[in-house]
Participant: 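This structure is in structure tokens; I'll ask about it shortly.
Just so you know, ligand 1 is whichever comes first in the structure, and atom 1 is the first atom listed for that ligand. The first residue of the sequence shown is numbered 1, and numbering continues consecutively from there.
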Amino acid sequence: MPFSLRFVVPLALALAAIAYAVVPLVDRLTFQWFVRDLDARGALITQTAQEPLADLLNQPRVAKTRVLRYFDRILRGERIYALGYCDKAGRLAMATLAFPRSVRCPEGASAEPRSYVLTLPDGPLHVSINPLAAEGAAFGHLVIVHDMSFVQRRSDDTKKYVLILFGCIALVVALITMLIAEISWRGWVAGVKALLSGETLLRAPLGLKDPAAEVRPELQPIARDLQALVQDLEAERRVRDESQTTWGPEALRRILRQDLKGDEILIVSNREPYLHMRRKDNVVEIQRPASGLVTALEPVMRACSGTWIAHGAGSADRDTVDRNDHVMVPPERPSYRIRRVWLSEAEERGYYFGFANEGLWPLCHIAHTRPSFRAEDWEYYQTVNRRFAEVVQQEVRTADPIILVQDYHFALLPRMIRERLPRATIITFWHIPWPNPEAFGILPWREEVLEGLLGSSILGFHTQFHCNNFFDTVDRYLEARVDRETFTISYGGNPTEVRRYPISIEWPPAALQVQPPVEECRSRVRERLGIGKHVKLGVGVDRLDYTKGILERLMAVERLLELEPRWIGQFAFLQAAAPSRTSIEEYQHLDAKVQQLAARINERFGRPGYQPVILRIEHHDAAQVYELYRAAELCYVSSLHDGMNLVAKEFVAARDDEQGVLLLSQFTGAARELPEALIVNPYDIEQSAAAMHLALTMSPEEQRARMRSMRALVHEFNVYRWAGRMLLDAARMRHRRRVLSRARAAAAREAAAG
Ligand code: G6P
């Protein structure tokens, strides 16, 4: 039944019942009024007629005829049905024709006037009997009979009007009731909707009047419950949004616009996305560093704009900034700015080479390189983190910006920022693995590092495994509340959400746009390397780092040639290695060892015009790297331990021909996302060599099936989604914080008022 009818039907029924009860009452009343009216009329007619009647009766000869004529004249009056004259003896002496026989004269000359209703088959008659007197002497009675059928007609009319009246009243009352009910219902619904959508309680901009005051009084008791509901709905919306969005720069911009309302965004990392380098010939050129972190974050920053704070490490960096140490990038289409932070040589040595790369880097990677912890390096690490915190404070324009802190160079920075900007949303992303508590426990400043990180609002790792290691570590070394159900750690009153956000690359990669077809890449690269067209090519692309398993990779190539000599002269492996952290002894040793191993293999299996290992220890730009990926039959990523490894994803993205085989170390985060790769244990040289053979002999159909599936995943889970998920979580967190602070303010006001 429609909502309004629920009001109208009962109302109409009630009114009909009342009308039904009222009509007989009205009927009786109107009847009595008419009887009284006719009584009075009878008395009046008698009064008027008695004198002429006495005169006529005094003329005995003509009396009867004249009286009857007189009566006829009176009869012309309205509704008088019959008249009769009763003499003193109580006999009906004269009467008009219609006078009813049943009407009797009163006995005695001076009986009191009386009246009654006589019901005949033709209808009711009113009989009034009135005494007649002349000069003080009674001379009989005048009997006046009125026709009462008009009363019946009027009574029927009255009944009809009463019913119509009640009908009208019912209609009007029903309409008014419906209107009021509808208006209040709409208001109520609007109130609930506003609560649900948070427009009143949740969405009123800060600084405006108390939103709780806007809640309808009758809704205030449920407002609190609804807040919880709203948060659940919000969370659900996020999940839906996430699964529905096509992730690209526009989706990120939409999140910034809609969910974060254009809030300020800053990134802090050690490595800057563009270095200005002065060449030997004094020309300044721009270099893009070999850094997974930069590869991932740069497209995000291009989409978001904002400020990227980083160490100015390029030799011409100081010459290219403005007086505030800013430089707009990318050079071809500036869309965000870098704020460069200058470090002295000693600071760089202690903070970057020392504590970050000789301490934390080997500590977090299980690559069997011992970490070195020096108190002096630790001092510098603290100083530089503090310096960056000050720069963040200088750069922000608002009290609650979103700050994306990157990697192990800045473990102390989140807390330092929190102390300076308590309302900032600090998202820290740890790009490298997090070790188990035993391994981490050897760090002399383990508590300080953990406390520093727990200044973050959100702390991200690539895999759940690393999140769990972090929970275990905090559980072991700090007095903190670790809630593994909500993935939250509370330390010193500040909650930190610890989440898994697997990093990725932009899709489609910008470097792919400038690539020629695969066939052309194949022939160009082979020509440049001096290898025959028929020779199959494997590639490795890394920074020259001991965690990458480059030695193990080359050993696998060597073993392949031993086990399957048919590949000698038919297969070559190109290792592109960007020099990295070259001041560190361990890296220098690695460089030497890689060169020696390559030379040994080439000596064993090379021949004029053929070298099985082609080593290129130099910087390669993105276009060159993508050309190599497209030219190769296989790509081997053999990290001994890696947070994610974006080379694996880049190789997949580069192969729009759906050919090529990825060999992937099981110790990379990427292995969890790309199981269609040939997953290997890089320490197991035999297995890796066998996997290489398998890759080189894999059918094009199988290559296509595996590559297609991996490409779909990297496409869907691209870097915009990685950043988008973090930003959506940040938006949710900020939203909740605003609601809570309003609720607290309202409670405080209530307490003050009560
Ligand atoms: C890893 C780290 C990054 C770093 C990159 C390059 O990917 O997680 O923070 O930028 O290596 O290393 P570099 O020391 O040259 O910045």
Participant: Any idea which atoms of ligand 1 are less than 4.0 Å away from a heavy-atom of H431?
Facilitator: 8 (O)
Participant: Please confirm whether R553 makes a cation-pi placement over F573, using NZ or CZ under 6.0 Å from the six-membered ring centre and within 45° of the ring normal.
Facilitator: no
Participant: Regarding R581 and the six-membered ring of W361, is the cationic atom NZ or CZ under 6.0 Å from the ring centre and inside 45° of its axis?
Facilitator: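 Yes, cation above the ring, under 6.0 Å and within 45°.
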Participant: Nearest to atom 10 (O) of ligand 1, what protein heavy atom do you find, and at what distance?
Facilitator: S291 OG, 2.9 Å
Participant: Heavy-atom pairs closer than 4.0 Å: do any link ligand 1 to the side chain of A290, the backbone, both, or neither?
Facilitator: backbone
Participant: For ligand 1 and R271, I'd like to know whether there is a polar contact (N/O to N/O, distance under 3.5 Å).
Facilitator: yes
Participant: Using heavy atoms and a threshold below 4.0 Å, how should the contact between Q406 and ligand 1 be classified: side chain, backbone, both, or neither?
Facilitator: neither
Participant: Which option out of V294, D642, D407 puts a heavy atom nearest to atom 3 (C) of ligand 1?
Facilitator: D407
Participant: Is R349 positioned over the aromatic face of F353, cation under 6.0 angstrom from the ring centre and no more than 45 degrees off axis?
Facilitator: no
Participant: Answer with side chain, backbone, both or neither: which part of I432 has a heavy atom less than 4.0 angstrom from an atom of ligand 1?
Facilitator: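 For I432, the contact with ligand 1 is made by the side chain alone.
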Participant: Is any side-chain N of the basic residue among E586 and K593 closer than 4.0 Å to the acidic one's carboxylate O?
Facilitator: no
Participant: Got an N/O contact under 3.5 Å between R581 and ligand 1?
Facilitator: yes
Participant: So that I can tick it off, tell me whether R630 and D656 are bridged by a salt bridge, with the cut-off set at under 4.0 angstrom between side-chain N and carboxylate O.
Facilitator: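 Judged by the 4.0 Å cut-off on N to carboxylate O distance, D656 and R630 do form a salt bridge.
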Participant: Going by the closest heavy atom to atom 7 (O) of ligand 1, which one wins out of A296, S269, G292?
Facilitator: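 The nearest heavy atom belongs to G292.
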Participant: Taking only heavy atoms of H409 into account, list the atoms of ligand 1 that are under 4.0 Å away from them.
Facilitator: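 This gives 9 (O) as the contact atoms.
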Participant: Kindly confirm or rule out an N or O of Y352 lying under 3.5 angstrom from an N or O of ligand 1.
Facilitator: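 Right, the criterion is met.
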Participant: Hey, is ligand 1 close enough to W361 that some N/O pair sits below 3.5 Å?
Facilitator: no
Participant: Check for me whether the distance between the ring centres of W430 and F470 falls short of 6.0 Å.
Facilitator: no
Participant: As a test of understanding, state which of D325, N324, T320 forms a side-chain hydrogen bond (donor to acceptor under 3.5 Å, both in side chains) with R340.
Facilitator: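 The side-chain hydrogen bond (donor to acceptor under 3.5 Å, both in side chains) with R340 is passed solely by T320 among D325, N324, T320.
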Participant: Applying the side-chain contact (heavy atoms from CB on, under 4.5 Å) test to T473, which of V482, L450, N468, L443 qualifies?
Facilitator: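 Answer after filtering V482, L450, N468, L443: L450.
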